[in-house]
Every structure is written in structure tokens, then in C-alpha cells.
Asks: 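Take this structure first; my questions come after.
Just so it is clear: chains get the letters A, B, ... in the order the sequence lines come, proteins before strands, and each one is counted from 1.
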Amino acid sequence: MIQVTLKDGSVKSYKKGTTIIEIARDISEGLARVAVAGEVNGQVKDLSTPLNEDCKLNLLTFDSEGGKATYWHTTSHIMAQAVKRLFPNVKLAIGPSIENGFYYDFDSEKTFTPEDLKVIEAEMQKIIKEDYPIERFTLSREEALELMKDEPYKIELINELPEDAEISFYRQGEFTDLCAGPHLMSTGKIKAFKLMQQAGAYWRGNEKNKMLQRIYGISFPKASQLEEYIKMLEEAEKRDHRRLGKELDLFSMNEQIGPGLVIWHPKGARVRLRIEDLWRKQHLRNGYDIVYTPHIGRGELWETSGHLGFYKESMYSPMEVDNQDFYVKPMNCPFHIAIYKNKLHSYRDLPYRWAELGTVYRYEKSGVLHGLLRVRGFTQDDAHLFCAPEQMPDEIRRVLRFCLSMLHEFGFDKYKIYLATKPKDKSVGDEKMWADATKALEEAVKAEGLECDIDEGGGAFYGPKIDIKIKDALNREWQCSTIQFDFNEPERFDLTYVAADGSRQRPYMIHRALLGSIERFFGVLLEHYGGAFPVWLAPVQVKVIPLLEKHQAFANEIADKLRQQDVDVEIDARNEKIGYRIREAQLEKVPYMLVIGDKELESGTVSVRSRKDGDIGSMTVDAFISKVVEEIRTHA
RNA sequence: GCCACCAUGGCUCAGUCGGUAGAGCAGCGCAUUCGUAAUGCGCGGGUCAAGGGUUCGAGUCCCUUUGGUGGCUCCA
């Protein structure tokens with residue numbers, strides 16, 4: 001007999017060799033029905049796995065992470081089986097579950113069209129109906145290679161398995177795949193699925209390798225869940241910043257201007273101004289100095305900085321002026337360094353904190369451009385800190401705290417922090433510098449009571465960094481903030497300061513961007529609020545709607561008073577019905593609408609409609625002004 | 001850059017088998033003076049992304065280019 005400890009802490013005895021599904025049935029038929037896998041001592045296993053020793057067992061349903069992974073992984077096998085039936089010449093690569101569903105990579109002469117996906121879906125439906133049991137078995141390396149002799153990618157995978165690895169396969173009907181599992185017990189367990197899209201993907205994610213065809217899909221135990229998921233995607237589309245940007249007339253791109261270059265329309269620019277105003281105010285309050293630098297610089301500058309060596313493929317081609325090459329800047333750092341180099345510095349003057357909303361241009365591959373989130377010309381909210389080594393831990397903490405408070409101001413309180421460490425292959429700076437800097441970064445995160453994931457080897461070649469990715473309302477992550485050490489440029493530009501003992505010392509240099517780039521941040525912010533900016537950010541904060549012509553003068557008076565208090569206000573005095581104008585203001589997502597008619601004119605009040613709560617009654621003009629001014633001040 | 005898909009008035013979209021382009025919204029004009037999500041009538045507006053090809057004839061079929069979308073690689 002073996003002792004099995006269940007999730008609720010209870011311990012049950014079973015005969016040795018009892019399978020997980022049998023235990024599930026023993027607990028309840030209902031549980032057995034919804035169980036998709038079992039977690040044995042923390043490892044996700046097939047339900048058919050026999051248990052031979054005492055263990056902890058957690059039965060997983062689709063709702064758990066491991067359950068989803070199992071469910072989706074099995075669906076990907078069903079898809080591969082369908083593809084093999086329809087297109088026997090296709091070679092199989094890999095087909096894992098991912099965050100939202102699964103994919104399978106195929107090597108195929110023929111490219112899959114949307115119609116093919118429909119046909120594959122129909123075949124999958126058959127396989128599910130046929131309800132093949134899914135069996136696991138293991139083979140020796142030789143047998144495995146023999147079985148997979150027509151599958152070159154599988155052979156490559158088998159050959160790379162460690163010497164002592166167990167080589168397992170899963171069989172369902174005529175289809176067998178090399179796979180570590182786990183899987184559901186039979187193909188009939190998949191209830192609702194959909195193939196989402198075809199995409200190219202390099203074998204093993206390396207662009208030097210062959211491009212395979214990837215098909216993405218997702219599945220659920222209930223049809224209603226699939227419907228919900230699709231509805232969720234439609235909702236996401238409604239708050240897509242590109243769509244909102246057009247609808248709210250905030251920004252656009254223009255084919256004639258060029259790809260990845262943003263033009264900011266008056267309303268978008270107004271929101272941007274608000275962001276920048278706050279940014280400037282906060283930087284001055286936090287001990288930064290603001291600087292301005294040019295957009296281009298001589299080739300020699302970029303030679304010295306190392307950009308022409310390490311970064312040239314991301315830079316716009318040079319322009320020749322007076323027989324010299326000038327490059328448009330992809331980064332601001334060399335210019336800030338030039339400020340530093342302009343004179344001799346004492347340790348007493350450190351640290352320097354120089355910030356700039358610096359517009360940079362980078363050549364990004366055409367296929368990666370994406371709305372405002374990936375562009376070729378953008379403005380970084382950049383700053384460079386120059387400090388003595390002993391000041392460094394303090395500076396890091398300070399900048400991290402500043403960063404988080406800035407994100408908070410914009411309504412972002414959920415984010416994920418990554419600590420990116422020394423890359424394996426190439427890096428500059430000695431071990432001690434890396435260790436000190438990495439430790440300082442990690443300690444700063446801890447000191448703020450935060451957690452971070454380690455991005456092993458993810459640092460820049462010139463230093464470790466903290467990246468902060470913010471999540472929008474739909475849980476998608478976007479990297480905005482970054483705090484990066486630089487061991488490279490102080491060396492290359494031979495930066496020094498005079499220490500207390502009169503010796504020349506090398507300062508530490510930190511690059512940092514809190515919002516990242518204004519463009520990307522604006523895009524994320526727009527999606528975060530679904531276009532409904534809080535009053536302090538909204539391009540039009542108040543819309544005054546006089547009911548009739550005779551109310552216009554009073555409306556103007558109110559608007560003027562609001563403008564005196566720096567409130568952005570528009571008057572909609574068009575000869576349209578009130579419902580029409582309310583509707584438009586509502587669609588423009590204006591936070592407050594003021595309806596002015598006879599009643600208001602007589603009593604000196606305004607009738608207030610809030611975007612969110614509808615008609616909220618009337619109040620005196622002054623009461624409304626102080627209300628809205630206060631909301632703007634406190635970022636309510 | 002690579003794989004797939006897409007491009008029709010300002011916007012959203014229809015356009016069958018290849019036979020010379022249509023709607024709604026927006027815009028403009030007129031009427032309407034109205035109390036919280038669309039007042040009515042009328043008018044104007046398109047070299048069907050660009051270029052080439054097939055054809056008696058191309059929005060529709062083929063090729064190239066440009067731009068975009070979803071991925072891959074890369075990144076703020």
C-alpha cells in the first residue's frame with residue numbers, strides 16, 4: 001500500500017500501482033470527469049500514470065496552469081494528426097502549449113491558407129469524435145530513431161536528448177509523436193477548439209534556420225468558454241490603441257512620410273503635453289537637471305561611443321555634409337556624455353542627473369513595426385546618471401522609487417520587474433563591476449519590497465539592467481521602464497572625476513527611461529484606459545453644450561471661467577439636438593458635459609453629465625469649477 | 001528581413017461567373033429652436049494603394065512595388 005497526500009492535506013491509502021485517474025474516481029466521479037492531469041510531487045503527469053510510492057497528489061482541472069497546458073498540448077497533437085492525414089508529406093517540428101493555447105510547427109512545401117485551416121479543423125473534429133485513447137510508451141534511442149526515421153526534426157531532437165533521458169512517445173490512433181507529455185486520456189476530451197492563424201516561424205527560433213509554418217490554436221472544455229475567449233479578443237480589438245487613435249483623432253502614420261513615423265494630431269498632442277508637463281515637473285522635483293541636445297552628430301562621435309561598432313544596423317544611413325558623415329541619433333547618451341566632458345568634475349559635484357525628452361531614430365526591420373508600440377522615430381524620456389561607485393546603490397534605489405511613483409501617477413500599479421544579468425558571450429567591464437552593479441539592482445528591488453524575475457544573460461553587453469514591463473487592462477505586457485548600467489561608454493570616452501585624494505577616478509554611468517518612449521507609453525496608456533482618459537489627461541476635459549442660441553453667451557462665460565483655471569474646454573453650439581451632441585461628446589470620451597438651458601441661465605448653475613455616470617444633476621458654476629480643478633490636481 | 005494575409009469615397013464596409021462602382025456614417029446646403037447616446041430633406045465626393053501584364057473588356061485573374069495586419073527573429 002502507498003500513502004497519497006491530497007491537496008486538502010488528507011492522506012489516503014491505495015494499492016501500489018493505482019493510477020491517478022482511479023484515485024480521482026475514488027474521490028468523486030465528478031472530479032474524475034473534469035480532471036485533465038495529476039500533479040505528483042509538483043510534477044504534472046498523465047492521469048493514467050500508476051503511483052508506486054508515497055506522494056503528494058494534486059488533481060488538475062483545466063482551470064489550473066498545468067491543466068491548461070496539458071489540454072492545449074493534446075489539442076496540438078490532434079492538429080498534427082489532422083495535418084498528417086491531409087498532407088502526408090509534411091514534416092513535424094514541435095508543438096507545445098503556450099500562454100494562450102498552442103501551436104505546432106510544420107515543414108511543408110505547401111503553405112497553409114485560411115481555407116486549409118478550416119479543412120484541418122474539420123479533420124480534427126473527426127479525430128475527436130473517433131475518441132482515440134492516448135497511450136504513452138518509451139523506447140530506446142535506437143528504436144526511437146528507427147520509429148522517427150522519416151521525421152528529420154524529431155531525429156534532431158532525439159539526438160540532442162541527454163544520454164540518460166527517457167525517450168517517450170504518445171500514440172493516438174495511427175499518429176505517434178515524440179513527446180514528454182503529459183496528455184489527456186483520449187482525443188475525445190477536447191470539446192471546443194479553434195485554429196487562430198498561420199504564421200512563419202524559424203526552426204528553433206533562429207533566423208538562419210529554415211522557416212517553418214506555424215499554426216496557432218486554442219481549445220476549451222466548454223463551447224461557452226471558447227465563445228467567451230473570442231469575445232474577449234473582440235473587446236481587446238475595441239481598445240486597440242491604433243483603432244482608438246483613429247477614432248479619437250489622436251495620431252496617425254502616413255505612407256508618404258514613411259513607416260514607423262508618427263504624426264501627433266492636436267488632441268493626441270494635448271495628451272502628450274500633459275504627460276510631458278508632469279514628467280518635467282517630477283524630474284525637477286527629484287533632483288534632475290534638464291538638458292537639450294542635437295538630433296545628429298558626426299561619425300567620430302558614434303565611432304567613439306561604440307555605436308558604429310555595435311549598433312550600426314539599427315542606425316539610419318549617414319548624411320554627408322562638408323565631406324563629413326553625420327548620423328541621426330539612435331540614442332542620447334553620447335550627447336549627455338559630451339556635456340560631462342565639457343569640464344573637469346569634482347567628486348563633490350556628483351551625482352549628476354541629466355534628463356532629456358530626446359527624440360531618436362532607429363532603423364527597425366519593416367516586419368516588426370507595430371502602431372505606436374514599435375516605431376522608427378520616438379522620444380525617449382531619457383536620463384543619464386553619473387556617480388561615484390559608492391553612490392551607486394543609493395542612486396539605483398532612488399531611480400527605482402522614482403520610476404514606480406511615475407508609473408503610479410499614470411494609473412499603472414501592476415507591473416513585472418526583470419533583472420537582466422551578464423550575457424554569456426560578449427560583455428565589457430570586469431567581473432567585480434558586474435557583480436556590484438547586479439547586486440545593487442537586486443537590492444534596490446528588494447529594498448522597495450518588490451519581486452523580480454531574473455532574466456539570465458539578458459543584460460546589455462555594457463551592463464546589467466532592470467526592465468519594468470507594465471500590463472495593460474488586458475494583461476498584455478509591454479516593456480517601458482529600463483534602468484541600465486553602462487561600463488562601456490565611461491571607458492570609451494575616458495570619463496573621470498577628481499576624487500578626495502586628488503586622483504582621477506572613473507564615474508559609474510546609468511541610463512534610464514521611466515516611461516520608455518513617449519510613443520509606446522502613450523499607446524499602452526491609451527489601451528489601459530480604453531481611450532477614456534481620466535480628466536487630468538483627457539484632451540478635452542469639459543464640453544459645454546448650450547441648449548439653444550440664447551444660451552450661448554452664458555456657455556461662453558462658463559467656458560472662459562474654466563479656461564482661466566487651465567481646464568481644456570470646448571463649446572458645442574451646433575444647431576443639433578441635445579441628444580445628438582451628448583452622443584458625440586460621449587463617443588469622444590469627454591469626461592464632463594455641461595448642459596446649459598433656461599434653468600441654468602436663471603439660477604447660474606450648470607447641469608453636469610459625467611461620461612461615466614451620466615446625468616449627475618446640477619450645481620453652481622463655481623462648484624463645478626472647483627470640482628473639476630480638484631480632480632485635475634489630484635489626478636482623480 | 002522572413003512566412004501568411006489584407007488594401008474599394010474622410011471612416012466602416014458591400015461589390016456574384018471578368019462586362020466600365022454602391023450603402024451607412026462623416027462633409028456641405030436648406031429646413032427645424034429642441035432638456036442628457038443619432039431631426040428631416042437635398043447635394044458633392046472614388047484613376048478601386050501604385051506600376052506592369054493577360055483579355056475584346058480587369059475593382060475582380062497574374063507579376064512587381066508601396067503601405068498595413070498576425071506571427072518569427074530583433075527591440076523603447
Side-chain angles (χ1 to χ4, degrees), chain A residues 98 103 105-106 108 111-114 116-117 196-216 237 240 242-243 246-247 249 252-260 311 313-314 330-331 358 360 362-382 458 460 465 467-469 478-482 484 511-521 523-524 545-551 575-588 593-600 607-611 614-618:
Chain A
I98 50 175
Y103 67 78
D105 284 347
F106 304 100
S108 163
T111 55
F112 299 121
T113 63
D116 290 328
L117 295 195
M196 307 301 289
Q197 57 198 318
Q198 182 274 1
Y202 300 106
W203 168 237
R204 315 211 115 174
N206 185 331
E207 65 180 325
K208 294 198 175 67
N209 289 342
K210 184 165 185 185
M211 176 150 291
L212 307 174
Q213 291 190 67
R214 175 171 296 180
I215 300 177
Y216 286 94
E237 205 180 313
D240 186 308
R242 291 164 299 188
R243 178 179 170 142
K246 196 185 279 181
E247 282 175 2
D249 196 15
S252 64
M253 316 271 207
N254 178 296
E255 186 169 337
Q256 204 170 22
I257 293 173
Y311 206 72
E313 72 285 357
S314 295
M331 293 189 193
V360 298
R362 297 182 184 173
Y363 171 75
E364 300 283 355
K365 288 177 178 176
S366 60
V368 307
L369 300 174
H370 178 93
L372 290 181
L373 302 177
R374 191 79 183 271
V375 292
R376 284 187 175 158
F378 56 99
T379 300
Q380 293 183 301
D381 71 314
D382 211 355
K465 58 177 183 165
D467 288 331
I468 300 180
K469 300 187 183 191
W478 301 100
Q479 191 202 315
C480 291
S481 319
T482 184
Q484 313 183 340
H511 309 244
R512 46 111 282 190
L514 306 187
L515 310 178
S517 85
I518 303 291
E519 284 74 6
R520 175 176 290 181
F521 188 77
V524 177
I545 306 176
L547 207 51
L548 300 173
E549 261 169 46
K550 58 179 170 173
H551 306 122
N575 181 14
E576 295 288 351
K577 287 183 128 171
I578 188 81
Y580 180 87
R581 287 177 288 167
I582 290 283
R583 177 182 152 82
E584 290 223 324
Q586 198 71 43
L587 291 174
E588 282 170 36
M593 290 149 259
L594 302 182
V595 177
I596 312 297
D598 283 340
K599 263 191 297 181
E600 289 72 22
S607 178
V608 185
R609 182 188 166 97
S610 118
R611 170 183 66 198
D615 192 345
I616 57 172
S618 64

Asks: My understanding is that only residues two or more places apart in sequence, or in another chain, count here; which of them pass ring-ring contact (aromatic ring centres under 6.0 Å, His included) with A:F378?
Replies: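 Partners of A:F378 under the ring-ring contact (aromatic ring centres under 6.0 Å, His included) test: none.
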Asks: Are A:Y216 and B:C72 close enough that a side-chain N or O sits under 4.0 Å from OP1 or OP2?
Replies: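 Indeed, a polar side-chain atom of A:Y216 lies that close.
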Asks: Atom pairs under 3.5 Å, N or O on each side, protein against nucleotides 48-51 of chain B: can you list them with distances?
Replies:
none

Asks: Within the 4.0 Å heavy-atom criterion, would you say A:G258 contacts the bases, only the backbone, or no part of the nucleic acid?
Replies: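 Nothing, no heavy atom under 4.0 Å.
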Asks: Once side chain to side chain donor-acceptor pair (under 3.5 Å) is applied, do any residues pair with A:Y363, and if so which ones, sequence neighbours excluded?
Replies: none
Asks: Can you list every stem that RNA chain B is part of, counting only runs of 3 or more consecutive Watson-Crick or G-U wobble pairs with both distances under 3.5 Å?
Replies: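 Result, WC/G-U stems under 3.5 Å: B:1-7 with B:66-72, B:10-13 with B:22-25, B:27-31 with B:39-43, B:49-53 with B:61-65.
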Asks: Holding to salt bridge (charged side-chain N to carboxylate O under 4.0 Å, His left out), I want the full list of residues that pass it with A:E600, two or more places apart in sequence or in another chain.
Replies: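 Salt bridge (charged side-chain N to carboxylate O under 4.0 Å, His left out) check on A:E600 returns nothing, list empty.
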Asks: For A:G200, answer base if it contacts any base atom (sugar-phosphate contacts may also be present), sugar-phosphate if it contacts only those atoms, and nothing otherwise; contact means non-hydrogen atoms under 4.0 Å.
Replies: base
Asks: Given B:U36, B:C5, B:G71, identify the nucleotide with an atom nearest to the side chain of A:R609.
Replies: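 Looking only at side-chain atoms, A:R609 lies closest to B:U36.
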Asks: Tell me the interatomic distance from A:M331, atom CE, to B:A76, atom P, rounded to whole angstroms.
Replies: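 Rounding to the nearest Å, CE of A:M331 and P of B:A76 are 7 Å apart.
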Asks: For the base of B:G1, is there a side-chain donor-acceptor partner from A:Y202 under 3.5 Å away?
Replies: yes
Asks: Can a side chain N or O of A:T111 be found less than 4.0 Å away from OP1 or OP2 on B:C3?
Replies: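 For B:C3, OP1/OP2 do not have a side-chain N/O of A:T111 under 4.0 Å.
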Asks: My understanding is that only residues two or more places apart in sequence, or in another chain, count here; which of them pass side chain to side chain donor-acceptor pair (under 3.5 Å) with A:S607?
Replies: none
Asks: What residues form a side chain to side chain donor-acceptor pair (under 3.5 Å) with A:E576, not counting sequence neighbours?
Replies: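 Once residues adjacent in sequence are excluded, A:E576 has no partner under the side chain to side chain donor-acceptor pair (under 3.5 Å) criterion.
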Asks: Assign A:I545 to base, sugar-phosphate, or nothing according to its heavy-atom contacts below 4.0 angstrom with the strands shown.
Replies: nothing
Asks: If you go through the side-chain atoms of A:Q256, does one of them form a donor-acceptor pair with the base of B:G67 closer than 3.5 Å?
Replies: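 Side chain to base: no pair below 3.5 Å.
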Asks: Among residues at least two apart in sequence or on other chains, which ones pass side chain to side chain contact (heavy atoms under 4.5 Å, CB included) with A:R243?
Replies: A:E237, A:K238, A:D240, A:E247
Asks: B:C3, B:U36, B:U73: which one has an atom nearest the side-chain heavy atoms of A:I582?
Replies: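 Per side-chain heavy atoms of A:I582, the pick is B:U36.
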Asks: Identify whether any heavy atom of A:R374 sits under 4.0 Å from a base atom; if not, whether one sits that close to sugar-phosphate; answer base, sugar-phosphate or nothing.
Replies: base
Asks: Is A:D467 touching bases, backbone alone, or none of the nucleic acid, heavy atoms closer than 4.0 Å?
Replies: nothing
Asks: How is A:I578 classified with respect to the nucleic acid when contacts are heavy atoms under 4.0 Å: base, sugar-phosphate, or nothing?
Replies: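 If one applies the 4.0 Å heavy-atom cut-off, A:I578 turns out to touch the sugar-phosphate alone, with no base involved.
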Asks: At 4.0 Å (heavy atoms only), tell me whether A:V360 reaches a base, stays on the sugar-phosphate, or touches nothing.
Replies: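 A:V360: no heavy atom of the nucleic acid under 4.0 Å.
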Asks: Does A:E364 reach a base, just sugar-phosphate, or nothing at all? Heavy atoms under 4.0 Å.
Replies: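 If one applies the 4.0 Å heavy-atom cut-off, A:E364 turns out to touch a base.
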Asks: Please write out each protein N/O paired with an N/O of nucleotides 10-16 of chain B under 3.5 Å, distance rounded to 0.1 Å.
Replies:
| residue | atom | partner | partner atom | Å |
| --- | --- | --- | --- | --- |
| B:U12 | OP1 | A:K246 | NZ | 3.0 |

Asks: List every contact pair, protein side and nucleotides 25-31 of chain B side both N or O, where the distance is under 3.5 Å.
Replies:
| residue | atom | partner | partner atom | Å |
| --- | --- | --- | --- | --- |
| B:A26 | OP1 | A:Y580 | OH | 3.1 |

Asks: How is A:E600 classified with respect to the nucleic acid when contacts are heavy atoms under 4.0 Å: base, sugar-phosphate, or nothing?
Replies: base
Asks: Describe the nucleic acid contact of A:G367 in one word from base, sugar-phosphate, nothing, applying a heavy-atom distance below 4.0 Å.
Replies: base
Asks: Is the distance from OP1 or OP2 of B:A37 to the nearest side-chain N or O of A:R581 less than 4.0 Å?
Replies: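 No, no such contact exists.
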Asks: Mind checking side chain to side chain donor-acceptor pair (under 3.5 Å) for A:R374 and listing every partner two or more places apart, or none if nothing turns up?
Replies: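 Applying side chain to side chain donor-acceptor pair (under 3.5 Å) to A:R374 gives A:E364.
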Asks: Checking A:M253 now: which residues fulfil side chain to side chain contact (heavy atoms under 4.5 Å, CB included) with it, not counting sequence neighbours?
Replies: A:V262, A:V375
Asks: Under 4.0 angstrom, heavy atoms only, what part of the nucleic acid is A:E247 near: base, sugar-phosphate, or nothing?
Replies: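 Since no nucleic acid heavy atom lies under 4.0 Å of A:E247, the category is nothing.
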